[in-house]
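Read the structure below first, then the notes.
Numbering starts at 1 and runs along the sequence shown.
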Amino acid sequence: MSDIRKIERVCVYCGSSTGDDPVFVHAAEALGAALAREGIELVFGGGSCGLMGAVAQAALAQGGKVTGIIPSFLDEREIALSSVTDLQVVPDMHTRKRLMFEKSDAFVALPGGIGTLEELTEQLTWIQLGRHSKPLVIADIGGFWKPLLSLFAHMHNAGFIRPGYEVRYMVAERIEDVIPMLRATRVAKSEGDEKAIEQHF
């Protein structure tokens, strides 16, 4: 173990659509602005559409640093946000996810679709299996993630999440609680984190 990991870069998983409730966009904008004000760099999927665009543009508007990572085949569909501090166009989804992991000290899941769900559950799996110890917050805005959280409880009650293999995450119902939660759960940095995840790819 090395020094305590500082939260300097946060990866935000979120939808390339805005959803039907304006509260989702407002939450994304509030998170982006809060990260910038706290001097925390945003790492995201690189798109200009939906909640992805909202969180990134809000961070940029507050003078924040933003890194976008988008696979080339999604560049046209999601329309990469070219105004970010650092835009990386990569060959495939595996490279995108690996770089988003490597560049981040923590993770936040805003509302989103199948892609957001896949990214969130992949990180939860790696945490559960002890492949890394970076903190993760599920931003349950407007109760969006409640069905998933209920499913996790059902899995536990049905014996599929066994003692010693609990899924470790935090839940924030308010955006203003996200950064304090992350900072309150700083963990010792393991130098093997990135190597362990790289082996997965």
Side-chain angles (χ1 to χ4, degrees), residues 9-36 40-62 64-104 106-126 134 136-149 151 169 171-175 178-179 182 197 201:
R9 292 169 295 277
V10 170
C11 174
V12 175
Y13 299 128
C14 57
S16 58
S17 298
T18 57
D20 293 333
D21 192 333
V23 71
F24 300 145
V25 174
H26 295 157
E29 292 173 340
L31 179 59
L35 290 170
I40 299 173
E41 181 178 345
L42 168 67
V43 178
F44 82 118
S48 62
C49 305
L51 299 190
M52 279 200 292
V55 68
Q57 289 166 3
L60 290 167
Q62 292 290 325
K65 292 181 62 177
V66 177
T67 293
I69 304 172
I70 190 167
S72 55
F73 78 94
L74 282 181
D75 193 1
E76 291 184 8
R77 184 183 304 180
E78 295 181 352
I79 311 174
L81 185 62
S82 58
S83 59
V84 299
T85 313
D86 180 19
L87 179 65
Q88 300 185 25
V89 180
V90 297
D92 51 51
M93 291 291 285
H94 291 297
T95 305
R96 178 200 220 180
K97 291 192 294 181
R98 177 175 58 81
L99 289 177
M100 289 173 78
F101 170 82
E102 290 176 353
K103 291 179 178 292
S104 304
F107 307 91
V108 177
L110 289 171
I114 296 297
T116 304
L117 176 63
E118 188 267 343
E119 290 168 324
L120 168 59
T121 54
E122 184 170 60
Q123 287 301 335
L124 290 172
T125 301
W126 289 344
K134 298 179 182 181
L136 183 151
V137 171
I138 297 174
D140 188 30
I141 306 304
F144 178 83
W145 292 112
K146 275 187 170 52
L148 180 65
L149 298 173
L151 179 58
Y169 57 87
V171 178
E173 296 181 354
R174 307 185 312 158
I175 283 299
V178 170
I179 295 174
L182 292 175
I197 297 303
F201 292 97

Please find the pair of heavy atoms, one from D140 and one from V171, that lie closest to each other, and give the distance. CB-CG1, 3.8 Å

Indicate yes or no: at least one non-hydrogen side-chain atom of F144 is less than 4.5 angstrom from one of I138. no

Hey, does L35 have a side-chain heavy atom less than 4.5 Å from the side chain of V12? yes

On a heavy-atom basis, the closest approach of F101 and K134 is O-NZ, 2.8 Å

d(F107 CZ, M100 CE) to nearest 0.5 Å is 8.5 Å

V137, I40, L136 screened by side chain to side chain contact (heavy atoms under 4.5 Å, CB included) with L182, the one that passes: V137

For E173, what residues pass the side-chain hydrogen bond (donor to acceptor under 3.5 Å, both in side chains) criterion, not counting sequence neighbours? none

Of all heavy-atom pairs between S104 and V10, which one has the smallest distance, and what is that distance? OG-C, 4.2 Å

Going by salt bridge (charged side-chain N to carboxylate O under 4.0 Å, His left out), name the pairs with one or both residues in residues 79-91, residues two or more places apart or in two chains. none

side-chain contact (heavy atoms from CB on, under 4.5 Å) filter on K103, not counting sequence neighbours, yields V43, T67, I69, Q88

Test of understanding: with side-chain contact (heavy atoms from CB on, under 4.5 Å), list the residues that count as partners of A34, not counting sequence neighbours. R37, I179

Can you tell me which residue pairs pass the salt bridge (charged side-chain N to carboxylate O under 4.0 Å, His left out) test with a partner in residues 110-120, sequence neighbours excluded? K97-E118

Dump the intermediate steps for side chain to side chain contact (heavy atoms under 4.5 Å, CB included) on W145 and L120, then the final yes or no. CA-CA 11 Å; W145 292 112; L120 168 59; 4.1 Å; yes

For A139 and I175, the nearest pair of non-hydrogen atoms, with its separation, is CB-CD1, 4.4 Å

In short, G45 meets I70 closest at the heavy-atom pair O-CB, 3.4 Å

Pairing residues for T85 by the side-chain contact (heavy atoms from CB on, under 4.5 Å) criterion, not counting sequence neighbours: L60, K65, V66

Verify side chain to side chain contact (heavy atoms under 4.5 Å, CB included) between R98 and T95, making sure each step is shown before the conclusion. CA-CA 5 Å; R98 177 175 58 81; T95 305; 4.0 Å; yes

I need the minimum non-hydrogen distance between M52 and G46, along with the two atoms involved. SD-N, 4.3 Å

Atom pair SG (C49) and CD1 (I79), whose distance is rounded to the nearest 0.5 Å: 4.5 Å

Sidechain-backbone polar pair: S48 side chain, L81 backbone, donor-acceptor under 3.5 Å: no

Rounded to the nearest 0.5 Å, how far apart are CG of L31 and CZ of F44? 12.5 Å

Check: residues 17-29 side-chain donor-acceptor pairs under 3.5 Å, at least two apart:
residue, atom, partner, partner atom, Å
D21, OD1, V23, N, 3.0
H26, ND1, P22, O, 3.4

CG of L117 to OH of Y13, rounded to nearest 0.5 Å, is 12.5 Å

